[in-house]
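Within every chain, numbering begins at 1; the chains are lettered A, B, ... in the order of the sequence lines, protein sequences first and strands thereafter. The shown structure was predicted, so the numbers you read here are calculated from the model rather than taken from an experiment.
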Amino acid sequence: MSDLFDLPKTYDFKSVEQRLYAWWESQGYFAPRSDPQHRPFVMSMPPPNVTGELHLGHAMFVSMEDLMTRHSRMRGVPTLWLPGTDHAGIATQLQVEKDLLRTEEVTREEIGREAFVERTWAWKRKYGGIITEQLRRLGASCDWSRERFTLDEGLSRAVREAFVRLYEKGLIYRGTYLINWSPGLRTAVSDLEVEYSEEEVTLYYFKYLLKGSDEFIPVATARPETILGDTAVAVHPEDERFASLVGKTAIVPILAREIPVIADEYVDREFGTGALKITPGHDPADYEIGRRHNLPVINVLRKDATMSEAAGPYAGMDRFECRKRMWADMQAAGLTIRTEPYRTQIPRSQRGGEIIEPMVSTQWFVRIKPLAEPALEVVRDGRLRIIPEHFAKVYANWLENIRDWCISRQLWWGHRIPAWHCSACGKITVARQDPDRCAHCGSTEIEQDPDVLDTWFSSGLWPFSTLGWPDDTPDLRAFYPTTIMETGYDILFFWVARMVMMGLEFTGRLPFDTVYLHGLIRDEQGRKMSKTLANVIDPLEVMDEFGADALRLTLLTGSSPGNDMNLSVPRVQANRNFANKVWNAGRLVIRAVQRAPAERDPSTALTLSDRWILARRVQLLRNVDRLFQGFQYGEAGRQIYEFFWGEFADWYLEAAKLQAAESPGRALRSVEIQVRVLDTCLRLLHPYTPFVTEELWGRLRDACLAHQAGLAPPEGWSEALIVASWPQAGSEADDEESIRRFELLREIIRTIRNARAEKQIDPGHRIGAIVGAGHENSWLQEQAPLLSAFARLDPEALVLRERIDAPPAGSLPLTAGGIEIYLIQAGAVDVHEEGERVSRQLQAVEAQIERLESLLAGPFATRAPAEIVAAERKKLEQAREEAARLRIQRDALRGEAS
RNA sequence: GGGCGGUUAGCUCAGUUGGUUAGAGCGUUGCGUUGACAUCGCAAAGGUCGUAGGUUCGAGUCCUAUACCGCCCACCA
């Protein structure tokens with residue numbers, strides 16, 4: 001008999017995952033079916049860094065996007081999920097630099113730009129496949145034939161086109177402004193790449209001596225080295241303390257430079273000393289004040305953040321060293337007042353965490369307001385939907401206060417800025433094709449700008465550049481705009497907003513009409529995962545241990561849109577168990593198919609359990625449909641899980657075992673229903689757990705096709721589950737009555753099981769029962785075999801009646817859903833103890849009756865909707881019946897006791 | 001300083017049109033293993049949904065205030 005089991009009793013994901021993935025891919029299932037009739041479903045994958053390694057963030061987006069993709073594909077919609085990788089300028093360059101230093105002990109400067117870029121390409125060719133390989137392990141059903149890389153030829157052309165267009169429109173300009181400078185990386189970074197952390201620093205109070213006088217103005221600063229770049233001291237125009245000093249001249253310590261004392265409303269009289277030193281070269285606020293007052297800008301820092309020549313005696317010194325020395329020298333000169341600890345926001349690099357220095361520098365910028373306006377409008381008028389909705393506010397808030405975007409980076413790895421400087425006329429030539437002469441004066445003495453573009457500039461074009469833009473390609477026509485953008489909320493500004501702006505600007509259309517934002521994955525205590533905390537969970541290890549399906553299911557059902565998720569490994573394990581449960585339920589059904597009789601008996605009607613599971617199936621389909629429409633994938637997954645395990649496996653399959661023994665006609669009927677429901681579940685689960693469902697579904701199909709009766713679900717079989725159709729509920733009416741009855745039956749069985757457990761009745765001991773079921777008696781009679789099997793009753797000693805006149809002596813009285821049950825041969829009954837128990841039960845029911853009575857006597861009865869009131873009335877009725885039964889039971893026990 | 005999110009069982013989380021004895025997984029306790037599954041089965045204990053008000057016939061679910069935690073944005077030296 002065991003020969004029928006050619007399936008291992010434990011789901012072995014290791015032998016399944018790789019094989020199935022390769023098969024899906026080779027069959028071309030990931031590519032969109034071409035169907036001009038249907039509007040396709042299109043999603044661009046957020047491109048992971050080409051040198052990256054899989055982390056849970058990737059696992060999250062892959063799981064979510066693959067779910068959407070598989071669902072859409074099964075619905076018969078042409079579906080394209082377009083993958084790719086990002087060149088990730090800074091991250092990749094750093095990695096290659098590090099590698100160079102480690103292996104050859106040379107810096108990038110030593111080998112030169114051209115060689116370094118070539119080395120980086122080599123690195124990309126060597127390691128760029130790792131991340132995509134890892135995405136495959138998760139089951140990502142994206143169309144690899146369309147895979148793109150932000151630095152490949154087509155995308156580079158798109159970037160260039162975009163740059164030139166913006167430049168020609170005057171939306172890109174080059175200028176000298178205060179920017180965020182990253183000394184370690186020696187490049188400018190955008191505002192978004194600077195993070196502020198509150199830290200304890202020192203606030204230094206010192207004297208600004210006034211020229212030709214003993215007087216001084218007290219000033220405070222956290223960065224004494226910037227004193228060297230001061231070009232004014234400012235006070236509030238209405239500050240009486242300093243009113244007489246405005247217009248006088250102050251002397252910069254050490255350098256003895258003369259600077260004016262000015263008045264500006266920006267100064268806060270209450271803060272610090274009430275006087276502010278102005279360093280336009282190294283502070284954003286000072287920069288603005290400097291502009292208002294036409295102050296000179298002095299740059300005291302070099303690119304590596306050592307002090308520049310302007311710092312006089314401190315030139316060449318590290319800025320923090322300078323800070324100390326400067327203060328010491330000022331102390332010696334009697335210019336210091338005091339120091340105090342001070343908490344303030346320190347700007348740090350998002351990458352690496354080094355302190356960012358505001359610095360004046362010549363950079364390229366995008367004039368962002370004209371782009372931001374339309375991007376705001378689409379959210380305001382609802383054309384762009386953001387899920388969850390509250391992020392729309394965050395999005396709008398950011399765009400409303402946005403400032404010009406510094407897009408040039410002093411890096412080597414990236415899209416070179418298509419601008420040439422002419423040494424003859426000094427003008428700039430920006431062109432789609434590399435020019436050989438200056439567009440203004442015709443000189444051939446031109447040189448390309450050394451900078452590259454911010455990586456996010458090319459990312460912003462992703463939804464259309466990947467489809468062939470700026471060319472009018474068939475893909476662009478067929479698949480743009482895309483349908484949905486799924487990504488983490490942490491890159492809403494970095495990426496999503498910029499895609500919207502660029503999409504509207506360059507294509508005149510929204511690049512997608514829905515943005516779905518998932519939350520971040522944290523550790524079990526809700527902390528961010530980081531190497532220093534050593535709390536990083538490696539998705540690859542998790543998949544090795546529990547399988548890709550288990551990880552996916554955990555990420556998908558454990559989260560809700562926009563909310564962070566604390567991942568716990570035990571939960572992954574629980575979902576591994578679920579995959580195994582699915583596997584074993586599948587084995588059971590497959591075996592049932594293999595053993596099922598071949599002859600149909602048309603006279604075989606459906607049993608209660610049949611009708612129940614079919615009705616519940618329809619309800620489930622409706623719920624899942626509704627939830628999917630509302631992007632409630634987590635809740636949908638949980639409902640499928642509960643249905644599969646808690647109803648189909650625990651109850652229906654157990655009932656089916658009984659039916660198999662009844663008659664051949666009944667057995668076949670039951671198998672058909674098992675196949676139908678299992679098939680539906682596998683289809684519904686496939687977007688969550690693609691591997692186990694595909695593997696099982698194929699085997700189920702083969703077993704069914706091998707059967708003489710030709711078993712098949714109404715949807716029919718197809719060559720693979722991944723391309724099978726999504727199940728539909730149809731228009732059948734809900735069979736509520738079957739559901740109600742079976743649930744009552746379950747309640748009765750549970751009540752008996754509980755009593756047996758409490759009374760420690762040997763599970764093998766079949767006991768008798770007398771059931772008084774009132775008007776439920778007629779249908780319940782038919783369920784006697786099921787009842788006795790499930791509750792382990794002696795079928796000979798199970799009596800079902802409408803009414804029981806007198807509780808049998810020595811029996812254990814129970815009630816379930818208004819049905820009275822007396823267990824016989826349940827061992828010695830302590831009539832006193834049971835009397836207490838029944839009394840307590842009765843009290844509870846009476847309390848409920850009281851509550852319901854007063855509820856129904858109040859305004860509820862007239863104000864609440866009729867069906868709600870009716871439901872409560874019904875409950876009251878049932879409670880009264882229940883109370884009546886309990887009273888009889890109680891009185892009987894009392895009678896026995898006396 | 002502004003904005004947003006969270007606060008539900010010991011732990012991790014669900015609970016979207018407000019319906020009236022609140023759910024899951026893990027953990028805990030008890031019982032159970034010869035045929036789908038011990039990666040299992042049958043049961044049990046355990047929350048009144050941060051706090052205070054309000055709207056409503058009715059609120060975990062809406063409103064206001066408040067506490068705590070977290071996040072985002074912001075040029076007070």
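Between A:I262 atom CD1 and B:rA77 atom P the separation is 18 Å, expressed in whole Å. Across the protein-nucleic acid pair, A:L56 atom CG and B:rU12 atom C1' stand 15 Å apart, rounded to whole Å. One atom, CD of A:E747, and another, C1' of B:rA43, lie 13 Å apart when rounded to the nearest Å. Straight-line distance from the CZ atom of A:F271 to the C1' atom of B:rC75: 12 Å, rounded to whole Å. Taking atom CZ of A:R792 as the reference point, atom C1' of B:rG41 lies 11 Å away to the nearest angstrom. The interatomic distance linking A:R403 (CZ) with B:rC73 (P) rounds to 13 Å, in whole Å.
Counting non-hydrogen atoms under 4.0 angstrom, A:A649 reaches a base of the nucleic acid. The residue A:D283 sits apart from the nucleic acid: no heavy atom pair falls under 4.0 Å. Within 4.0 Å of A:Q345, counting heavy atoms only, lies at least one base atom of the nucleic acid. Using a 4.0 Å heavy-atom distance criterion, A:Y342 is classed as a sugar-phosphate-only contact. Within 4.0 Å (heavy atoms only), A:R750 reaches sugar-phosphate atoms of the nucleic acid but no base atom. If you check every strand for non-hydrogen atoms under 4.0 Å, A:Q848 touches a base. Among the atoms of the strands shown, base atoms are found under 4.0 Å from some heavy atom of A:T10. A:R756 comes within 4.0 angstrom of nothing in the nucleic acid, heavy atoms only.
Taking the six-membered ring where the residue is Trp, A:F206 and A:W327 present perpendicular rings, their angle passing 60° and hence far from 30°. Between A:W651 and A:F790, the angle of the ring planes stays under 30°, which puts this pair in the parallel group of the 30/60° scheme.
The P atoms of B:rG54 and B:rA14 are separated by 30 Å, rounded to the nearest whole Å. Distance noted for atom P between B:rU17 and B:rC63: 15 Å (whole Å). The gap from the P atom of B:rA52 to that of B:rG60 amounts to 13 Å, rounded to the nearest Å. Remark: the separation of the C1' atoms in B:rU61 and B:rC42 is 34 Å, to the nearest Å. Across B:rG46 and B:rU29, the matching C1' atoms stand 11 Å from one another, rounded to whole Å. Atom P of B:rC76 sits at a distance of 37 Å from the matching atom of B:rG15, rounded to the whole Å. Across B:rU64 and B:rG1, the matching C1' atoms stand 23 Å from one another, rounded to whole Å. When the C1' atom is used for both B:rG10 and B:rG27, the distance is 7 Å, rounded to whole Å.
OP1 or OP2 of B:rA36 lies within a sub-4.0 Å distance of a side-chain N or O belonging to A:R591. In this model, the phosphate group of B:rU21 is approached by a side-chain N or O of A:R851 to a distance below 4.0 Å at OP1 or OP2. Taking side-chain N and O atoms only, A:R576 has no distance below 4.0 Å to OP1 or OP2 of B:rU39. Phosphate proximity of B:rA14 to A:S560: present, with a side-chain N or O under 4.0 Å from OP1 or OP2. For the OP1/OP2 pair of B:rG2 and a distance below 4.0 Å, the side-chain nitrogens and oxygens of A:W398 include no atom meeting the criterion.
One donor-acceptor pair, N or O on each side, does fall under 3.5 Å between the base of B:rA36 and the side chain of A:E654. Not a single donor-acceptor pair, N or O on each side, falls under 3.5 Å between the base of B:rC37 and the side chain of A:K9. Residue-to-nucleotide contacts include a donor-acceptor pair under 3.5 Å from the side chain of A:Y266 to the base of B:rC75.
Rounded to the nearest 0.5 Å, atoms CG (A:L852) and CZ (A:R880) are 9.0 Å apart. To the nearest 0.5 Å, the span separating CG on A:N623 from CD on A:E635 amounts to 8.5 Å. Atom-to-atom distance recorded for A:T231:OG1 and A:I289:CD1 is 10.0 Å, nearest 0.5 angstrom.
With 3.5 Å as the limit, one finds no donor-acceptor pair spanning the side chains of A:N563 and A:Y489. In the model, A:Y652 has no side-chain atom that pairs as donor or acceptor with a side-chain atom of A:Q674 under 3.5 Å. A donor atom on one side chain and an acceptor atom on the other are not found under 3.5 Å apart for A:Y641 and A:N575.
Ion pairing of A:K874 with A:E877 is absent here, as no side-chain N (NZ or NE/NH1/NH2) approaches a carboxylate O to less than 4.0 Å. Salt bridge absent: A:E758 and A:R756 never bring a charged side-chain N and a carboxylate O closer than 4.0 Å. The existence of a salt bridge linking A:D230 and A:K277 is confirmed by a sub-4.0 Å separation between a basic side-chain nitrogen and an acidic carboxylate oxygen.
Nearer the 5' end of RNA chain B, as judged by each residue's closest nucleotide, is the contact made by A:N575, out of A:N575 and A:N584. Between A:N580 and A:P561, the residue anchored closer to the 5' end of RNA chain B is A:P561, taking for each the nucleotide with the nearest heavy atom.
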How is the base pairing of RNA chain B summarised as a dot-bracket string, given the Watson-Crick and G-U wobble criteria with both distances under 3.5 Å, [ ] for crossing and | for another strand? ((((((((.[[[[.)...(...]]]].(((((.......))))).....[[[[[..)....]]]]])))))))....
Between the protein and nucleotides 3-10 of chain B, are there any N/O to N/O pairs under 3.5 Å, and if so, what are the atom names and distances?
unit_1, atom_1, unit_2, atom_2, d
B:rC4, OP1, A:K393, NZ, 3.3

